[in-house]
> 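Handing you a structure now.
This chain uses plain numbering: 1 for the first residue, then up along the sequence.
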Amino acid sequence: PISHPQMRILNSEMVNQNTPLNNVPVSAFYPLNSHNSLEKALTYLVNTTPDINIRFSLEENGDITQYLGEPKEPLIERYDLRDKTDRDIDLLLDTLSAKPFGNVFDVPMYVFAVIQTRTQTILFVNFYHGICDGSSLNIFMDHLDILYDAANNVQSFFPLHSNTFSYFAV
């Protein structure tokens with residue numbers, strides 16, 4: 001079943017379609033050429049954290065339900081901005097943050113982008129607010145940093161049990 005806060009968010013989405021109203025974006029900055037370790041950590045996290053794969057479905061009778069989508073390799077948008085200015089990079093981050101999810105039914109509720117710049121690698125993460133609040137986003141980013149460090153140091157990934165990501169962490 002859908003929680004009351006999720007229903008409010010989905011109702012606002014139906015009224016205010018194609019707006020970034022329910023985006024929960026964040027950018028994180030990593031050393032230059034960190035894209036492989038980041039992508040490996042992201043893939044592991046998406047495939048081992050069920051709530052990241054929540055999907056919504058609009059039934060024929062008008063009811064909205066949620067279900068767990070099949071974990072699979074996440075779509076990660078890649079941008080090479082090594083020859084661009086800081087203004088160009090800021091513009092891309094603003095554009096990604098303002099891009100609405102659009103159809104919120106039966107699709108992934110997240111967007112990931114890895115941006116290579118002249119001096120660093122930027123990870124852009126955007127969750128649909130119907131599955132993620134600020135606390136959940138903090139947990140996600142903490143887990144991602146742990147997995148990134150493991151991938152960067154060629155260590156095995158291990159299950160993350162404490163403070164597990166869940167939608168609307170309480």
> Do L21 and V104 sit in the same hydrophobic cluster, where Ile, Leu, Val, Met, Phe, Trp and Tyr count as joined when their side-chain heavy atoms come under 4.5 Å apart?
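No, L21 and V104 fall in different hydrophobic clusters.
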> Any idea which heavy atoms bring T121 and Q116 closest together, and the distance?
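Smallest interatomic distance, heavy atoms only, reads OG1-OE1, 2.6 Å.
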> Of D88, I122, D86, L92, which meets side chain to side chain contact (heavy atoms under 4.5 Å, CB included) against L81?
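Among D88, I122, D86, L92, the one meeting side chain to side chain contact (heavy atoms under 4.5 Å, CB included) with L81 is L92.
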> May I have the step-by-step check of side-chain hydrogen bond (donor to acceptor under 3.5 Å, both in side chains) for S136 and D133, ending in yes or no?
CA-CA 5 Å; S136 298; D133 62 4; 3.0 Å; yes
> Going through the checks in order, is the side chain to side chain contact (heavy atoms under 4.5 Å, CB included) test met by V26 and L137?
CA-CA 8 Å; V26 67; L137 184 60; 3.9 Å; yes
> Kindly assign one of parallel, tilted or perpendicular to the pair F101 and Y128, based on the angle between their ring planes and the thresholds 30° and 60°.
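The arrangement is perpendicular - the two ring planes meet at more than 60°.
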> Please report the interatomic distance NZ(K40) to OG(S34), rounded to the nearest 0.5 Å.
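Rounded to the nearest 0.5 Å, the NZ-OG separation comes to 14.0 Å.
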> Which distance, rounded to the nearest 0.5 Å, do you find between the OG1 of T49 and the CD1 of I139?
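That separation rounds to 10.5 Å.
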> Find the distance between CG (N33) and CG (L38) and round it off to the nearest 0.5 Å.
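Interatomic distance, N33 CG to L38 CG, rounded to 0.5 Å: 11.0 Å.
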> Side-chain contact test, heavy atoms from C-beta onward, threshold under 4.5 Å: evaluate it for R78 versus E39 and give yes or no.
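Side chain of R78 against side chain of E39, heavy atoms only: contact under 4.5 Å found.
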> If you compare all heavy atoms of Q6 against all heavy atoms of G130, which two are closest, and at what distance to 0.1 Å?
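In terms of heavy atoms, the two residues are closest at NE2-O, 3.0 Å.
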> To the nearest 0.5 Å, what is the distance between NE2 (H143) and CG (L45)?
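Answer rounded to 0.5 Å: 7.5 Å.
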> Is there a continuous path of hydrophobic side-chain contacts, each under 4.5 Å between heavy atoms, that joins L75 to Y44?
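In one cluster: no.
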> I need the minimum non-hydrogen distance between A41 and L144, along with the two atoms involved.
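So the minimum-distance heavy-atom pair works out to CB-CD1, 3.7 Å.
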> Using only atom types and a distance under 3.5 Å, with no angle test, would you say the side chain of D63 pairs donor to acceptor with the backbone of E59?
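No.
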> Any chain of hydrophobic side-chain contacts (each under 4.5 Å) joining V107 to V46?
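Shared cluster, yes.
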> Could you give me the CA-CA distance, side-chain angles and deciding distance for N22 and S12, then say whether side chain to side chain contact (heavy atoms under 4.5 Å, CB included) is met?
CA-CA 9 Å; N22 292 307; S12 76; 3.4 Å; yes
> Over all heavy atoms of both residues, which pair between Y67 and S57 is shortest? Give the atoms and the distance, please.
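What the structure gives for the nearest pair is CE2-CB, 3.8 Å.
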> With side chains defined as the heavy atoms from C-beta onward, is the minimum distance between L123 and Y148 less than 4.5 Å?
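No, side chains not in contact.
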> Between Y79 and F124, is the ring-ring contact (aromatic ring centres under 6.0 Å, His included) condition met? List the steps.
CA-CA 11 Å; Y79 298 90; F124 173 82; 9.1 Å; no
> Between K99 and N126, which heavy-atom pair has the shortest distance, and what is it?
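Here K99 and N126 meet closest at O-ND2, 4.3 Å.
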> Where the side chain of N23 meets the backbone of P25, is there a donor-acceptor pair that is under 3.5 Å apart?
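Checking the backbone N and O of P25 against the side chain of N23, no donor-acceptor pair under 3.5 Å is found.
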> Measure the CG-CD1 distance between L93 and I115 for me, rounded to the nearest 0.5 Å.
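One finds 4.5 Å between CG of L93 and CD1 of I115.
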> Answer with yes or no whether the hydrophobic clustering places Y110 together with F105; edges join I, L, V, M, F, W, Y residues whose side-chain heavy atoms lie under 4.5 Å apart.
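Cluster IDs for Y110 and F105 match.
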> Working to the nearest 0.5 angstrom, can you tell me the gap between F56 CZ and M7 CE?
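So the CZ of F56 and the CE of M7 are separated by 9.0 Å.
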> Please test F29 against T119 for side chain to side chain contact (heavy atoms under 4.5 Å, CB included), starting from the C-alpha separation and ending with a verdict.
CA-CA 10 Å; F29 301 87; T119 59; over 6 Å; no
> Is there a donor-acceptor pair closer than 3.5 Å between any side-chain N or O of N152 and the backbone N or O of S37?
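Not a single qualifying donor-acceptor pair exists.
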> Would S97 and D94 count as having a side-chain donor-acceptor pair, cut-off 3.5 Å?
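Result is no, nothing qualifies.
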> Do the side chains of I131 and D51 get nearer than 4.5 Å, heavy atoms only?
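D51 does not reach I131 side chain to side chain.
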> Looking at T117 and L32, what are the two nearest heavy atoms and their distance?
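Distance-wise, the nearest heavy atoms are O-CD1, 3.3 Å.
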> Looking at side-chain heavy atoms only, is the closest gap between P74 and T43 below 4.5 Å?
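Answer yes - side chains close enough.
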> So, do E77 and V111 sit near enough that their side-chain heavy atoms are less than 4.5 Å apart?
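Yes, close enough: below the 4.5 Å cut-off.
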